[in-house]
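We name chains A, B, ... by the order of the sequence lines, and we start the count at 1 in each one.
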2 protein chains.
Amino acid sequence: MITPDERVDPTGPEPPYQQIAEVIRRRIASREFPPNTRIPTESDLVETFEVARTTVRRAVKLLREEGLVRTVPQRGTYVAG
Amino acid sequence: MITPDERVDPTGPEPPYQQIAEVIRRRIASREFPPNTRIPTESDLVETFEVARTTVRRAVKLLREEGLVRTVPQRGTYVAG
DNA sequence: GTGTATTTGTTCGTATGTATC
DNA sequence: CGATACATACGAACAAATACA
């Protein structure tokens with residue numbers, strides 16, 4: 001569940017896509033998103049954070065570049081094992 | 001039949017998916033698509049309006065949210081009774 | 001009963017145009 | 001101007017269930 005303090009603040013110091021990446025990072029660190037499981041779809045994240053899909057994709061791209069997740073086309077994005 | 005004035009105008013003020021929803025809405029209102037009958041398949045609508053399936057689905061989703069139609073997986077989309 | 005076609009569901013990839021800061 | 005964000009659209013691939021020959 002996304003708690004209030006994890007919602008995106010468009011007026012905050014960090015851009016939304018970084019805030020979203022940070023939320024997902026914590027989910028992974030806390031094992032709420034365990035290794036090798038799929039994280040929510042882009043559509044889900046769009047609804048959860050109420051942002052555009054491009055913003056969600058940017059956040060996920062960040063995590064991918066950090067090696068925290070891997071994305072499989074037409075399948076989803078998975079937490080690194 | 002889709003008359004010329006009901007074709008989608010990509011340059012119009014309203015996006016294609018809204019225009020398509022409006023066309024179907026009129027078909028329902030005029031009883032050309034009577035209650036409890038199936039509306040054309042997504043593939044049919046794709047050919048008729050010459051748009052992508054995602055666009056058709058978006059239009060139908062709108063109608064579904066309005067309660068005008070209900071979609072049955074693997075069956076089709078039906079006009080609300 | 002079997003295999004194929006149909007039809008909607010899901011999900012990511014990509015591109016374009018507009019707006020805002 | 002560049003980075004960010006939003007809305008829209010097209011495409012592709014595959015899943016799953018139903019319909020049909």
Exercise. So what does A:Thr41 touch, heavy atoms closer than 4.0 Å: a base, only the sugar-phosphate, or nothing?
Worked result: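 Result for A:Thr41 = sugar-phosphate.
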
For this session: May I ask you to say what A:Thr54 touches in the nucleic acid, namely base, sugar-phosphate or nothing, with a heavy-atom cut-off under 4.0 Å?
Result: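 Answer is base: heavy atoms of A:Thr54 come under 4.0 Å of a base.
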
Of all heavy-atom pairs between [X] and [Y], which one has the smallest distance, and what is that distance?
| X | Y | answer |
| --- | --- | --- |
| A:Gln18 | A:Leu62 | CG-CD2, 4.2 Å |
| B:Pro35 | B:Val79 | CA-CG1, 3.7 Å |
| A:Gly67 | A:Ala80 | O-CB, 3.4 Å |

Problem set entry | Out of C:dC12, D:dT4, C:dG9, whichever nucleotide has its closest atom nearest the side chain of B:Glu42 |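 The nucleotide sitting nearest to the side chain is C:dG9.
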
For this session: Return the 5'-most residue of the pair B:Tyr17, A:Gln74 with respect to DNA chain D, ranking by each residue's nearest nucleotide.
Result: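 Mapping each residue to its closest nucleotide by heavy atoms, the 5'-most match is B:Tyr17.
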
[X] side chain N/O closer than 4.0 Å to the phosphate oxygens (OP1, OP2) of [N]?
| X | N | value |
| --- | --- | --- |
| A:Arg53 | D:dT8 | no |
| A:Arg57 | C:dG13 | yes |
| B:Arg58 | D:dT8 | yes |

Problem set entry | Side-chain ion pair, A:Arg25 and A:Glu66, N-O less than 4.0 Å | yes

Exercise. Taking CZ from A:Arg64 and C1' from C:dC12, how many angstroms apart are they, rounded to a whole number?
Worked result: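 Taking atom C1' of C:dC12 as the reference, CZ of A:Arg64 is at 10 Å.
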
Exercise. What's the CD-C1' distance between A:Glu14 and D:dA3, to the nearest Å?
Worked result: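 In whole Å, D:dA3 C1' and A:Glu14 CD are 15 Å from each other.
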
Exercise. Closer to the 5' end of DNA chain C via nearest nucleotide, is it B:Gly76 or A:Ser43?
Worked result: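 Nearest nucleotide further toward 5': that of B:Gly76.
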
